[in-house]
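Encoded as C-alpha coordinates, the structure appears first; notes follow it.
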Amino acid sequence: MASRFQAPRGTQDILPELQPYWSAVHAAIADVTRLYGFQRIDTPVFESAALFEKGSGDTTDIVEKEMYRFEDRGGDQLALTPEGTPAICRAYLEHGMASWPQPVRLFTTHQMFRYDRPQKGRYRQHTQFDCEVFGSTDPLVDAEVISLLWMLYQRLGLTGLQVRIASLDDPEPRKAYLERLRAYYEPFRDRLSEDSQRRLDRNALRLLDSKDERDFPYKEAAPKLVNELSPAGAAHHEAVLDALSAAGIPAVVDPYLVRGLDYYNRTVFEVVPVDDERAQGTIGGGGRYDFLLETLGGTPTPAIGFGTGIERIVLEMQRRGVSFERESVADVFIVHRGEGSGRVAFRIASELRRENVPAQVGDGTRSFKAQFRSADASGARFAVILGESELERGIGLVKDLRGGGEQQEIPLELVAETVRGQSLAR
RNA sequence: GCGGGCGUAGCGUAGCGGUUAACGCGUCUGGUUGUGGCCCAGAAGAUCGUGGGUUCAAAUCCCACCGUUCGCCCCA
(Lines give C-alpha, C1' and ligand atoms only; values in the text may rest on other atoms or scores of the structure.)
Protein backbone atom coordinates (compact mmCIF):
# COMPACT_ATOMS: atom_id res chain seq x y z
CA MET A 1 0.00 0.00 0.00
CA ALA A 2 1.40 3.31 -1.03
CA SER A 3 -0.51 5.36 1.51
CA ARG A 4 -0.10 4.92 5.21
CA PHE A 5 -3.45 6.52 5.88
CA GLN A 6 -6.76 4.86 5.21
CA ALA A 7 -10.27 6.21 5.42
CA PRO A 8 -11.56 5.42 8.92
CA ARG A 9 -13.32 2.13 9.33
CA GLY A 10 -16.80 2.16 7.91
CA THR A 11 -16.25 5.34 5.88
CA GLN A 12 -15.55 5.61 2.20
CA ASP A 13 -14.50 7.87 -0.61
CA ILE A 14 -17.00 8.36 -3.39
CA LEU A 15 -14.78 8.44 -6.45
CA PRO A 16 -15.51 10.32 -9.69
CA GLU A 17 -16.68 7.16 -11.44
CA LEU A 18 -19.48 6.79 -8.92
CA GLN A 19 -20.55 10.43 -8.98
CA PRO A 20 -22.98 10.05 -11.89
CA TYR A 21 -25.05 7.75 -9.68
CA TRP A 22 -25.07 10.27 -6.88
CA SER A 23 -25.96 13.11 -9.23
CA ALA A 24 -28.83 11.06 -10.61
CA VAL A 25 -30.12 10.38 -7.12
CA HIS A 26 -29.91 14.03 -6.13
CA ALA A 27 -31.61 15.11 -9.33
CA ALA A 28 -34.42 12.61 -8.77
CA ILE A 29 -34.79 13.81 -5.19
CA ALA A 30 -35.10 17.39 -6.41
CA ASP A 31 -37.78 16.29 -8.88
CA VAL A 32 -39.98 14.22 -6.60
CA THR A 33 -39.84 16.62 -3.68
CA ARG A 34 -40.92 19.41 -5.96
CA LEU A 35 -43.72 17.31 -7.40
CA TYR A 36 -45.00 16.53 -3.92
CA GLY A 37 -44.53 20.02 -2.53
CA PHE A 38 -41.76 19.39 -0.01
CA GLN A 39 -39.42 22.15 1.12
CA ARG A 40 -35.80 21.63 1.90
CA ILE A 41 -34.33 22.06 5.34
CA ASP A 42 -30.76 21.47 6.49
CA THR A 43 -29.89 20.70 10.06
CA PRO A 44 -26.48 20.55 11.77
CA VAL A 45 -24.24 17.53 11.62
CA PHE A 46 -24.18 17.40 15.40
CA GLU A 47 -26.89 18.04 17.94
CA SER A 48 -27.37 17.82 21.64
CA ALA A 49 -26.96 14.15 22.60
CA ALA A 50 -30.06 14.39 24.75
CA LEU A 51 -32.18 15.06 21.67
CA PHE A 52 -31.57 11.55 20.42
CA GLU A 53 -31.73 9.95 23.84
CA LYS A 54 -35.20 11.41 24.25
CA GLY A 55 -36.24 11.22 20.62
CA SER A 56 -34.97 7.89 19.37
CA GLY A 57 -35.41 6.22 22.74
CA ASP A 58 -32.56 5.65 25.14
CA THR A 59 -32.83 1.89 24.99
CA THR A 60 -32.60 1.67 21.22
CA ASP A 61 -29.36 0.31 19.81
CA ILE A 62 -28.83 3.53 17.93
CA VAL A 63 -28.55 5.47 21.15
CA GLU A 64 -27.26 2.76 23.42
CA LYS A 65 -24.30 1.53 21.43
CA GLU A 66 -24.01 3.33 18.12
CA MET A 67 -23.99 7.02 18.88
CA TYR A 68 -20.86 9.08 18.29
CA ARG A 69 -21.08 11.02 21.48
CA PHE A 70 -18.63 13.65 22.63
CA GLU A 71 -18.19 16.52 24.99
CA ASP A 72 -17.01 19.75 23.45
CA ARG A 73 -14.58 22.18 25.05
CA GLY A 74 -17.39 24.00 26.75
CA GLY A 75 -18.66 20.81 28.36
CA ASP A 76 -21.75 20.37 26.19
CA GLN A 77 -22.83 16.79 25.51
CA LEU A 78 -23.15 16.42 21.77
CA ALA A 79 -23.64 13.65 19.26
CA LEU A 80 -23.05 13.28 15.54
CA THR A 81 -26.52 12.82 14.10
CA PRO A 82 -27.33 9.09 14.16
CA GLU A 83 -30.84 9.56 12.84
CA GLY A 84 -32.55 12.40 11.08
CA THR A 85 -36.09 12.55 12.39
CA PRO A 86 -35.40 13.98 15.87
CA ALA A 87 -33.24 16.71 14.34
CA ILE A 88 -35.96 17.82 11.97
CA CYS A 89 -38.53 17.69 14.78
CA ARG A 90 -36.25 19.88 16.86
CA ALA A 91 -36.10 22.40 14.02
CA TYR A 92 -39.88 22.28 13.61
CA LEU A 93 -40.38 23.13 17.25
CA GLU A 94 -37.50 25.59 17.51
CA HIS A 95 -38.76 27.67 14.60
CA GLY A 96 -42.42 27.57 15.51
CA MET A 97 -43.45 25.78 12.35
CA ALA A 98 -46.75 24.95 14.03
CA SER A 99 -47.77 28.41 12.88
CA TRP A 100 -46.92 27.65 9.25
CA PRO A 101 -49.67 26.48 6.93
CA GLN A 102 -50.32 22.86 7.84
CA PRO A 103 -49.28 20.26 7.07
CA VAL A 104 -45.58 21.14 6.87
CA ARG A 105 -43.66 19.01 4.40
CA LEU A 106 -39.89 18.99 4.79
CA PHE A 107 -37.04 17.04 3.25
CA THR A 108 -33.30 16.93 3.54
CA THR A 109 -30.26 14.87 2.64
CA HIS A 110 -27.73 14.63 5.38
CA GLN A 111 -24.93 12.60 6.87
CA MET A 112 -25.67 10.00 9.51
CA PHE A 113 -23.13 8.56 11.89
CA ARG A 114 -23.48 5.27 13.69
CA TYR A 115 -20.73 3.34 15.38
CA ASP A 116 -21.76 -0.11 14.27
CA ARG A 117 -19.94 -2.92 12.57
CA PRO A 118 -19.54 -2.11 8.88
CA GLN A 119 -20.73 -4.36 6.12
CA LYS A 120 -21.58 -3.81 2.53
CA GLY A 121 -24.39 -1.29 2.59
CA ARG A 122 -23.84 -0.50 6.23
CA TYR A 123 -21.41 2.25 7.05
CA ARG A 124 -20.43 4.36 10.00
CA GLN A 125 -21.08 7.43 7.93
CA HIS A 126 -23.89 7.31 5.43
CA THR A 127 -26.16 9.69 3.60
CA GLN A 128 -29.88 9.72 4.06
CA PHE A 129 -32.67 11.34 2.16
CA ASP A 130 -35.39 12.12 4.69
CA CYS A 131 -38.93 13.37 4.22
CA GLU A 132 -41.20 14.36 7.05
CA VAL A 133 -44.78 15.65 7.12
CA PHE A 134 -46.00 17.42 10.26
CA GLY A 135 -49.51 18.24 11.32
CA SER A 136 -51.75 15.66 9.71
CA THR A 137 -53.30 12.40 10.83
CA ASP A 138 -54.82 11.81 7.41
CA PRO A 139 -53.98 8.30 6.16
CA LEU A 140 -53.68 9.80 2.68
CA VAL A 141 -50.54 11.54 3.90
CA ASP A 142 -49.08 8.18 4.87
CA ALA A 143 -49.80 6.91 1.40
CA GLU A 144 -48.40 10.07 -0.08
CA VAL A 145 -44.95 9.80 1.49
CA ILE A 146 -44.75 6.15 0.51
CA SER A 147 -45.79 7.11 -2.97
CA LEU A 148 -43.09 9.80 -3.13
CA LEU A 149 -40.46 7.29 -2.08
CA TRP A 150 -41.74 4.81 -4.61
CA MET A 151 -41.59 7.37 -7.38
CA LEU A 152 -38.01 8.18 -6.47
CA TYR A 153 -36.99 4.56 -6.90
CA GLN A 154 -38.95 4.23 -10.12
CA ARG A 155 -37.21 7.24 -11.59
CA LEU A 156 -33.85 5.77 -10.75
CA GLY A 157 -34.61 2.59 -12.62
CA LEU A 158 -34.99 0.40 -9.58
CA THR A 159 -37.27 -2.46 -10.38
CA GLY A 160 -38.00 -5.53 -8.31
CA LEU A 161 -38.72 -3.55 -5.17
CA GLN A 162 -41.47 -4.21 -2.72
CA VAL A 163 -43.13 -2.04 -0.11
CA ARG A 164 -43.72 -3.90 3.11
CA ILE A 165 -46.17 -2.27 5.40
CA ALA A 166 -47.73 -2.85 8.78
CA SER A 167 -49.29 -0.97 11.62
CA LEU A 168 -48.03 -0.69 15.15
CA ASP A 169 -51.35 0.79 16.28
CA ASP A 170 -51.44 3.46 18.96
CA PRO A 171 -49.57 3.17 22.28
CA GLU A 172 -52.50 2.05 24.45
CA PRO A 173 -53.83 -0.82 22.30
CA ARG A 174 -50.24 -1.82 21.51
CA LYS A 175 -49.50 -2.11 25.19
CA ALA A 176 -52.43 -4.45 25.59
CA TYR A 177 -51.30 -6.47 22.59
CA LEU A 178 -47.77 -6.78 23.92
CA GLU A 179 -49.12 -8.25 27.12
CA ARG A 180 -50.99 -10.84 25.10
CA LEU A 181 -47.87 -11.53 23.07
CA ARG A 182 -45.75 -12.05 26.17
CA ALA A 183 -48.39 -14.25 27.71
CA TYR A 184 -48.37 -16.33 24.54
CA TYR A 185 -44.59 -16.73 24.49
CA GLU A 186 -43.92 -17.17 28.18
CA PRO A 187 -44.75 -20.91 28.31
CA PHE A 188 -42.14 -21.61 25.57
CA ARG A 189 -39.49 -19.35 27.03
CA ASP A 190 -36.95 -22.15 27.53
CA ARG A 191 -37.29 -23.37 23.97
CA LEU A 192 -36.61 -19.99 22.39
CA SER A 193 -33.25 -18.82 21.06
CA GLU A 194 -31.07 -16.85 23.47
CA ASP A 195 -31.75 -13.68 21.54
CA SER A 196 -35.47 -14.21 21.72
CA GLN A 197 -35.40 -14.92 25.43
CA ARG A 198 -33.81 -11.54 25.83
CA ARG A 199 -36.39 -9.98 23.52
CA LEU A 200 -39.17 -11.40 25.63
CA ASP A 201 -38.02 -9.22 28.49
CA ARG A 202 -36.81 -6.19 26.62
CA ASN A 203 -38.72 -5.77 23.38
CA ALA A 204 -41.36 -8.38 22.80
CA LEU A 205 -42.31 -7.05 19.39
CA ARG A 206 -38.90 -8.13 18.12
CA LEU A 207 -39.80 -11.75 18.76
CA LEU A 208 -41.69 -11.60 15.48
CA ASP A 209 -38.56 -10.49 13.70
CA SER A 210 -36.40 -13.44 14.77
CA LYS A 211 -34.27 -15.12 12.11
CA ASP A 212 -33.48 -18.08 14.28
CA GLU A 213 -35.10 -21.30 13.10
CA ARG A 214 -35.79 -22.42 16.63
CA ASP A 215 -38.21 -19.52 16.99
CA PHE A 216 -40.09 -20.05 13.73
CA PRO A 217 -42.87 -22.36 14.90
CA TYR A 218 -43.75 -20.07 17.79
CA LYS A 219 -43.45 -17.03 15.62
CA GLU A 220 -45.88 -18.36 13.05
CA ALA A 221 -48.52 -19.19 15.62
CA ALA A 222 -48.04 -15.96 17.56
CA PRO A 223 -50.78 -13.33 17.59
CA LYS A 224 -50.00 -10.62 15.04
CA LEU A 225 -50.51 -6.98 15.83
CA VAL A 226 -51.76 -6.09 12.34
CA ASN A 227 -54.55 -8.60 12.78
CA GLU A 228 -55.62 -7.22 16.14
CA LEU A 229 -55.65 -3.50 15.63
CA SER A 230 -57.92 -1.18 17.56
CA PRO A 231 -60.89 0.10 15.55
CA ALA A 232 -59.21 3.46 14.95
CA GLY A 233 -55.88 1.83 14.10
CA ALA A 234 -57.52 -0.65 11.76
CA ALA A 235 -59.48 2.05 9.94
CA HIS A 236 -56.30 4.06 9.43
CA HIS A 237 -54.37 1.03 8.21
CA GLU A 238 -57.09 0.08 5.74
CA ALA A 239 -57.30 3.61 4.43
CA VAL A 240 -53.54 3.68 3.77
CA LEU A 241 -53.68 0.36 1.95
CA ASP A 242 -56.61 1.52 -0.10
CA ALA A 243 -54.85 4.73 -1.14
CA LEU A 244 -51.69 2.83 -2.10
CA SER A 245 -53.71 0.45 -4.17
CA ALA A 246 -55.42 3.39 -5.87
CA ALA A 247 -52.00 4.79 -6.74
CA GLY A 248 -50.89 1.43 -8.10
CA ILE A 249 -48.15 0.94 -5.57
CA PRO A 250 -47.51 -2.72 -4.82
CA ALA A 251 -47.52 -2.94 -1.06
CA VAL A 252 -47.74 -6.12 0.93
CA VAL A 253 -48.79 -6.28 4.53
CA ASP A 254 -45.99 -7.85 6.53
CA PRO A 255 -47.20 -8.97 9.96
CA TYR A 256 -43.58 -9.54 11.00
CA LEU A 257 -42.41 -6.06 10.13
CA VAL A 258 -40.84 -4.39 13.12
CA ARG A 259 -38.98 -1.14 13.14
CA GLY A 260 -36.19 -0.39 15.51
CA LEU A 261 -37.20 3.00 16.77
CA ASP A 262 -39.40 3.53 19.78
CA TYR A 263 -41.41 6.43 18.50
CA TYR A 264 -43.45 4.83 15.72
CA ASN A 265 -47.18 4.31 15.91
CA ARG A 266 -49.68 3.14 13.31
CA THR A 267 -48.12 3.00 9.85
CA VAL A 268 -44.63 1.55 9.48
CA PHE A 269 -43.08 0.50 6.19
CA GLU A 270 -39.91 -0.58 4.47
CA VAL A 271 -38.82 -0.91 0.88
CA VAL A 272 -36.72 -3.96 0.04
CA PRO A 273 -35.45 -5.58 -3.15
CA VAL A 274 -37.40 -8.82 -3.38
CA ASP A 275 -34.44 -10.82 -4.69
CA ASP A 276 -31.83 -9.64 -2.24
CA GLU A 277 -30.96 -12.19 0.40
CA ARG A 278 -28.68 -9.86 2.26
CA ALA A 279 -29.58 -8.56 5.67
CA GLN A 280 -28.74 -5.02 4.62
CA GLY A 281 -31.15 -5.11 1.73
CA THR A 282 -33.60 -2.56 3.07
CA ILE A 283 -33.09 0.62 1.14
CA GLY A 284 -35.69 2.79 2.79
CA GLY A 285 -38.13 2.79 5.65
CA GLY A 286 -40.22 4.95 7.88
CA GLY A 287 -43.44 5.39 9.69
CA ARG A 288 -45.83 7.57 11.61
CA TYR A 289 -44.76 9.14 14.88
CA ASP A 290 -47.69 11.07 16.25
CA PHE A 291 -46.29 11.30 19.78
CA LEU A 292 -42.67 12.22 19.22
CA LEU A 293 -43.01 15.99 19.17
CA GLU A 294 -44.81 15.89 22.46
CA THR A 295 -41.98 13.76 23.87
CA LEU A 296 -39.54 16.41 22.73
CA GLY A 297 -41.44 19.06 24.63
CA GLY A 298 -43.67 20.42 21.88
CA THR A 299 -47.39 20.55 21.59
CA PRO A 300 -48.84 17.27 20.33
CA THR A 301 -48.28 17.19 16.56
CA PRO A 302 -48.92 14.17 14.38
CA ALA A 303 -46.19 13.37 11.88
CA ILE A 304 -44.93 10.78 9.47
CA GLY A 305 -41.71 10.39 7.55
CA PHE A 306 -39.10 8.11 6.08
CA GLY A 307 -35.40 7.82 5.52
CA THR A 308 -33.67 6.14 2.64
CA GLY A 309 -29.96 5.48 2.38
CA ILE A 310 -28.33 6.91 -0.71
CA GLU A 311 -25.39 4.52 -0.52
CA ARG A 312 -27.85 1.65 -0.59
CA ILE A 313 -29.77 3.19 -3.47
CA VAL A 314 -26.54 3.49 -5.44
CA LEU A 315 -25.57 -0.10 -4.64
CA GLU A 316 -28.97 -1.25 -5.75
CA MET A 317 -28.72 0.75 -8.98
CA GLN A 318 -25.43 -0.95 -9.73
CA ARG A 319 -26.81 -4.34 -8.82
CA ARG A 320 -29.70 -3.65 -11.17
CA GLY A 321 -27.31 -2.74 -13.94
CA VAL A 322 -28.26 0.93 -14.14
CA SER A 323 -25.32 2.58 -15.88
CA PHE A 324 -24.25 5.95 -17.17
CA GLU A 325 -22.22 6.93 -20.18
CA ARG A 326 -18.86 8.36 -19.35
CA GLU A 327 -19.07 12.09 -19.57
CA SER A 328 -16.35 13.89 -21.44
CA VAL A 329 -14.44 16.37 -19.34
CA ALA A 330 -14.03 18.84 -22.20
CA ASP A 331 -15.45 19.82 -25.57
CA VAL A 332 -12.18 21.37 -26.66
CA PHE A 333 -8.64 20.33 -25.87
CA ILE A 334 -5.85 22.76 -26.62
CA VAL A 335 -2.54 21.21 -27.61
CA HIS A 336 0.40 23.58 -27.52
CA ARG A 337 4.14 23.57 -27.64
CA GLY A 338 6.93 26.13 -27.80
CA GLU A 339 7.86 29.52 -26.47
CA GLY A 340 4.83 31.63 -25.61
CA SER A 341 2.29 28.99 -26.65
CA GLY A 342 1.04 28.49 -23.11
CA ARG A 343 -0.04 32.10 -22.86
CA VAL A 344 -2.05 31.89 -26.06
CA ALA A 345 -3.55 28.54 -25.12
CA PHE A 346 -4.58 29.86 -21.77
CA ARG A 347 -6.16 32.93 -23.32
CA ILE A 348 -8.21 30.90 -25.78
CA ALA A 349 -9.29 28.45 -23.07
CA SER A 350 -10.46 31.35 -20.93
CA GLU A 351 -12.46 32.79 -23.80
CA LEU A 352 -14.12 29.43 -24.41
CA ARG A 353 -14.97 28.90 -20.77
CA ARG A 354 -16.48 32.37 -20.55
CA GLU A 355 -18.75 31.24 -23.35
CA ASN A 356 -19.62 28.05 -21.43
CA VAL A 357 -17.53 25.74 -23.57
CA PRO A 358 -15.63 23.24 -21.40
CA ALA A 359 -11.99 23.53 -22.42
CA GLN A 360 -8.78 21.85 -21.32
CA VAL A 361 -5.23 22.95 -21.94
CA GLY A 362 -2.63 20.29 -22.60
CA ASP A 363 0.58 20.01 -20.65
CA GLY A 364 2.96 22.05 -22.82
CA THR A 365 5.98 20.27 -21.42
CA ARG A 366 4.82 17.03 -22.94
CA SER A 367 5.07 15.94 -26.56
CA PHE A 368 2.33 16.49 -29.10
CA LYS A 369 1.71 12.79 -29.10
CA ALA A 370 1.23 12.73 -25.34
CA GLN A 371 -1.04 15.78 -25.47
CA PHE A 372 -3.14 14.19 -28.19
CA ARG A 373 -3.50 11.09 -26.09
CA SER A 374 -4.78 13.27 -23.27
CA ALA A 375 -7.12 15.01 -25.70
CA ASP A 376 -8.53 11.67 -26.71
CA ALA A 377 -8.91 10.52 -23.14
CA SER A 378 -10.76 13.73 -22.28
CA GLY A 379 -13.45 12.88 -24.78
CA ALA A 380 -13.10 16.31 -26.44
CA ARG A 381 -14.69 16.81 -29.82
CA PHE A 382 -12.12 19.32 -31.06
CA ALA A 383 -8.44 19.88 -30.62
CA VAL A 384 -6.86 23.27 -31.09
CA ILE A 385 -3.22 23.04 -32.09
CA LEU A 386 -0.85 25.84 -31.24
CA GLY A 387 2.71 25.03 -32.28
CA GLU A 388 5.63 27.25 -33.14
CA SER A 389 4.86 27.49 -36.85
CA GLU A 390 1.21 28.33 -36.20
CA LEU A 391 2.08 31.07 -33.74
CA GLU A 392 4.56 32.57 -36.19
CA ARG A 393 1.74 32.77 -38.71
CA GLY A 394 -0.80 34.02 -36.19
CA ILE A 395 -3.11 31.05 -36.65
CA GLY A 396 -4.29 27.98 -34.81
CA LEU A 397 -5.28 24.61 -36.25
CA VAL A 398 -8.72 23.34 -35.34
CA LYS A 399 -8.94 19.60 -35.63
CA ASP A 400 -12.08 17.46 -35.51
CA LEU A 401 -11.19 14.52 -33.30
CA ARG A 402 -14.06 12.40 -34.53
CA GLY A 403 -14.41 11.55 -38.18
CA GLY A 404 -11.38 11.87 -40.39
CA GLY A 405 -9.46 14.35 -38.31
CA GLU A 406 -9.41 17.18 -40.82
CA GLN A 407 -7.77 20.43 -39.72
CA GLN A 408 -8.68 24.02 -40.47
CA GLU A 409 -6.37 27.01 -40.22
CA ILE A 410 -8.03 29.78 -38.22
CA PRO A 411 -6.61 33.18 -37.26
CA LEU A 412 -5.84 33.18 -33.54
CA GLU A 413 -8.38 35.87 -32.66
CA LEU A 414 -11.14 33.78 -34.23
CA VAL A 415 -10.19 30.39 -32.83
CA ALA A 416 -12.42 30.49 -29.76
CA GLU A 417 -15.40 31.80 -31.67
CA THR A 418 -14.98 29.26 -34.47
CA VAL A 419 -14.62 26.31 -32.15
CA ARG A 420 -17.55 27.44 -30.10
CA GLY A 421 -19.70 27.68 -33.21
CA GLN A 422 -18.71 24.22 -34.41
CA SER A 423 -19.02 22.78 -30.95
CA LEU A 424 -22.61 24.03 -30.72
CA ALA A 425 -23.37 22.91 -34.25
CA ARG A 426 -22.38 19.29 -33.78
C1' G B 1 -20.60 -6.46 20.65
C1' C B 2 -20.41 -12.12 18.77
C1' G B 3 -19.03 -15.96 14.81
C1' G B 4 -16.97 -17.28 9.63
C1' G B 5 -14.32 -16.00 4.71
C1' C B 6 -10.74 -12.91 2.36
C1' G B 7 -6.24 -9.22 2.08
C1' U B 8 -0.07 -10.09 -3.83
C1' A B 9 1.74 -3.07 -8.28
C1' G B 10 -3.82 2.05 -9.32
C1' C B 11 -7.61 -2.12 -10.72
C1' G B 12 -8.53 -7.51 -11.73
C1' U B 13 -5.81 -11.91 -10.94
C1' A B 14 -1.55 -16.06 -10.94
C1' G B 15 2.04 -18.01 -7.63
C1' C B 16 0.53 -21.35 -1.93
C1' G B 17 7.68 -23.44 1.86
C1' G B 18 13.25 -22.77 -1.90
C1' U B 19 17.27 -18.43 -6.95
C1' U B 20 15.96 -11.18 -9.44
C1' A B 21 7.16 -12.40 -7.27
C1' A B 22 4.16 -13.39 -12.91
C1' C B 23 0.01 -11.87 -16.29
C1' G B 24 -4.03 -8.64 -18.15
C1' C B 25 -5.99 -3.69 -17.88
C1' G B 26 -4.37 1.17 -16.66
C1' U B 27 -0.14 4.96 -16.38
C1' C B 28 4.38 6.96 -18.67
C1' U B 29 8.03 7.09 -22.85
C1' G B 30 9.15 5.89 -27.83
C1' G B 31 7.86 3.86 -32.92
C1' U B 32 6.10 10.43 -37.32
C1' U B 33 11.15 18.06 -37.35
C1' G B 34 4.83 18.59 -34.43
C1' U B 35 -0.78 14.98 -34.42
C1' G B 36 -5.07 11.00 -30.70
C1' G B 37 -8.16 6.54 -31.04
C1' C B 38 -5.86 0.58 -33.33
C1' C B 39 -1.08 -1.74 -33.34
C1' C B 40 4.14 -2.53 -31.72
C1' A B 41 8.37 -1.77 -28.29
C1' G B 42 10.15 -0.32 -23.68
C1' A B 43 9.78 1.78 -18.69
C1' A B 44 7.92 3.00 -14.04
C1' G B 45 5.02 0.88 -10.35
C1' A B 46 4.65 -4.48 -4.94
C1' U B 47 8.40 -3.09 2.30
C1' C B 48 3.33 -9.85 -1.07
C1' G B 49 -2.21 -5.41 4.74
C1' U B 50 0.90 -4.57 9.61
C1' G B 51 3.69 -6.77 13.56
C1' G B 52 5.43 -11.09 15.86
C1' G B 53 6.59 -16.44 15.59
C1' U B 54 7.99 -21.51 13.30
C1' U B 55 11.95 -22.91 9.68
C1' C B 56 18.52 -23.45 7.00
C1' A B 57 14.63 -20.87 3.98
C1' A B 58 7.94 -17.75 4.36
C1' A B 59 3.87 -14.12 -0.31
C1' U B 60 3.26 -19.33 0.92
C1' C B 61 2.70 -22.40 7.83
C1' C B 62 1.06 -20.30 13.00
C1' C B 63 -0.62 -16.06 16.23
C1' A B 64 -2.15 -11.07 17.05
C1' C B 65 -3.73 -6.53 15.11
C1' C B 66 -5.78 -3.56 10.98
C1' G B 67 -9.03 -3.47 6.80
C1' U B 68 -12.85 -5.72 4.04
C1' U B 69 -16.79 -9.17 3.35
C1' C B 70 -20.84 -12.75 5.01
C1' G B 71 -24.11 -14.12 9.08
C1' C B 72 -26.09 -12.46 14.07
C1' C B 73 -27.49 -7.98 16.86
C1' C B 74 -29.46 -3.67 14.61
C1' C B 75 -30.33 -0.50 10.71
C1' A B 76 -30.45 3.34 5.54
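Every chain is numbered from 1, with letters handed out A, B, ... down the list of sequences.
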Under 3.5 Å donor-acceptor pair, [X] side-chain atoms to [N] base atoms:
| X | N | answer |
| --- | --- | --- |
| A/Arg114 | B/G1 | no |
| A/Lys399 | B/U35 | yes |
| A/Gln119 | B/G71 | yes |
| A/Lys65 | B/C73 | yes |
| A/Asp376 | B/G36 | yes |

Which of the following nucleotides, B/C74, B/U68, B/G34, is nearest to the side chain of A/Asp61?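 The answer is B/C74, which lies nearest to the side chain.
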
Which nucleotide, B/C74, B/U29, B/U35, lies nearest any side-chain atom of A/Leu397? B/U35

In terms of side-chain geometry, is the basic nitrogen of A/Arg198 or A/Glu194 positioned less than 4.0 Å from the acidic oxygen of its partner?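 No salt bridge links A/Arg198 with A/Glu194.
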
Any side-chain N or O of A/Arg117 under 4.0 Å from OP1/OP2 of B/C2?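 A/Arg117 to B/C2 OP1/OP2: no side-chain N or O under 4.0 Å.
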
We want to know whether A/Asp169 and A/Ser167 form a side-chain donor-acceptor pair, criterion being a heavy-atom distance below 3.5 angstrom.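 No, no side-chain donor-acceptor pair sits under 3.5 Å.
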
Aromatic ring of A/Phe368 stacked on base six-ring of B/G34, 5.5 Å, 30°: yes

Under 4.0 Å, counting only non-hydrogen atoms across every strand here, what does A/Ile283 touch: a base, just sugar-phosphate, or nothing?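 Here A/Ile283 touches the backbone only, sparing every base.
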
Give me the distance, rounded to whole Å, that separates B/G12 from B/C66 when you measure between the C1' atoms they each carry. 23 Å

Does any pair with a residue in residues 132-162 of chain A pass ring-ring contact (aromatic ring centres under 6.0 Å, His included), and if so which ones, sequence neighbours excluded?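 For residues 132-162 of chain A: A/Tyr92-A/Phe134.
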
